[in-house]
Amino acid sequence: MFEDFFTYSQQNHDFMKLLLQGIETEDSVQSAILKTRQKLEEAFQNNIQRATDLGILPKNDPSVQSAILVSLVEGILERWLFSPRLKHSVLQKKSAKELAQEVVKFEFFGLFGI
């Protein structure tokens, strides 16, 4: 799922810039952006709750966890797509697949990588 999302984002650079950075002066665009973020967060929340119900994940607050995941994905995507190209940037050299693997690894194993 993440690989498809990152590939789509890379192929639709202008749309993602609008989605992530928005147009502050246009209320209808801002409203659509907020609705998109909310839907993404709800999807994560539902998946987390399902995994918790199945005993795959420990019991935590899925609304907080989904907010963290959306922030993680938005932040890494924005840096990957829109940050100035730095000569020594490892992040910006990653493919959509590599980035997706890093995000999923972090999602499930965190900083400790356990």
Side-chain angles (χ1 to χ4, degrees):
M1 177 182 82
F2 278 119
E3 183 179 349
D4 290 343
F5 180 65
F6 289 131
T7 299
Y8 175 85
S9 299
Q10 192 174 37
Q11 292 171 350
N12 295 279
H13 191 268
D14 292 334
F15 173 70
M16 294 310 295
K17 188 168 191 160
L18 178 64
L19 183 62
L20 292 171
Q21 297 176 344
I23 301 173
E24 291 183 22
T25 59
E26 183 59 46
D27 290 339
S28 63
V29 173
Q30 288 295 21
S31 177
I33 290 168
L34 290 174
K35 285 179 185 176
T36 301
R37 283 184 176 142
Q38 183 179 13
K39 292 287 184 188
L40 183 59
E41 206 167 297
E42 288 171 1
F44 274 125
Q45 188 172 343
N46 290 336
N47 289 340
I48 292 166
Q49 186 62 56
R50 178 85 171 120
T52 301
D53 293 345
L54 292 171
I56 298 168
L57 293 174
K59 290 188 180 195
N60 286 305
D61 185 344
S63 65
V64 172
Q65 290 179 322
S66 63
I68 290 169
L69 285 175
V70 169
S71 296
L72 168 72
V73 170
E74 285 180 347
I76 199 71
L77 188 59
E78 189 165 349
R79 289 185 64 181
W80 183 59
L81 290 175
F82 307 122
S83 289
R85 297 284 174 198
L86 303 174
K87 190 181 216 178
H88 304 290
S89 174
V90 175
L91 173 66
Q92 293 170 331
K93 293 177 184 171
K94 291 199 177 287
S95 68
K97 182 177 184 169
E98 292 169 327
L99 188 61
Q101 289 171 339
E102 291 287 339
V103 168
V104 170
K105 181 179 170 185
F106 190 84
E107 175 185 3
F108 285 102
F109 303 110
L111 290 173
F112 290 109
I114 299 171

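One is the number of the first residue; the rest follow in order along the sequence. Fair warning: this is a prediction, and the values are worked out from it, not measured in the lab.
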CD1-OG distance between Ile76 and Ser71, expressed to the nearest 0.5 angstrom: 12.5 Å

Spacing of CD1 belonging to Ile33 relative to NZ belonging to Lys35, to within rounding of 0.5 Å: 12.5 Å

Single-linkage hydrophobic cluster, 4.5 Å side-chain cutoff, Phe109 and Val73 together: yes

Smallest separation among heavy atoms of Met16 and Phe82, with atom names: C-CZ, 3.7 Å

Cluster link Leu99 to Phe106, ILVMFWY, side chain under 4.5 Å: yes

Heavy-atom closest contact (Gln45 atom, Ser66 atom, distance): N-CB, 3.5 Å

side-chain hydrogen bond (donor to acceptor under 3.5 Å, both in side chains) between Gln49 and Asp53, worked out: CA-CA 6 Å; Gln49 186 62 56; Asp53 293 345; 2.8 Å; yes

Minimum-distance pair of heavy atoms, taken over all atoms of Ala96 and Gln10: CB-OE1, 4.4 Å

Shortest non-hydrogen contact from Ile48 toward Pro62: CG2-CB, 3.7 Å

Minimum heavy-atom distance Thr52-Pro58, with the two atoms named: OG1-O, 3.8 Å

Side chain to side chain, Leu77 and Phe5, heavy atoms closer than 4.5 Å: yes

Pairwise distance OG(Ser9) to CD(Glu78) - rounded to 0.5 angstrom: 11.5 Å

Any donor-acceptor N or O pair under 3.5 Å, side chains Asn46, Glu42: no

Which residues share a side-chain contact (heavy atoms from CB on, under 4.5 Å) with Asp14, sequence neighbours left out: none

Polar side-chain atom of Glu107 near backbone of Leu69 as donor-acceptor pair, under 3.5 Å: no

Within one Ile-Leu-Val-Met-Phe-Trp-Tyr cluster: Val64 and Phe108, side-chain cutoff 4.5 Å: no

Spacing of CD belonging to Glu41 relative to CG belonging to Leu34, to within rounding of 0.5 Å: 11.0 Å

Between CE on residue Met1 and CZ on residue Phe6, distance to nearest 0.5 Å: 9.0 Å

Main-chain N/O of Lys94 paired to Trp80 side chain as donor or acceptor, under 3.5 Å: yes

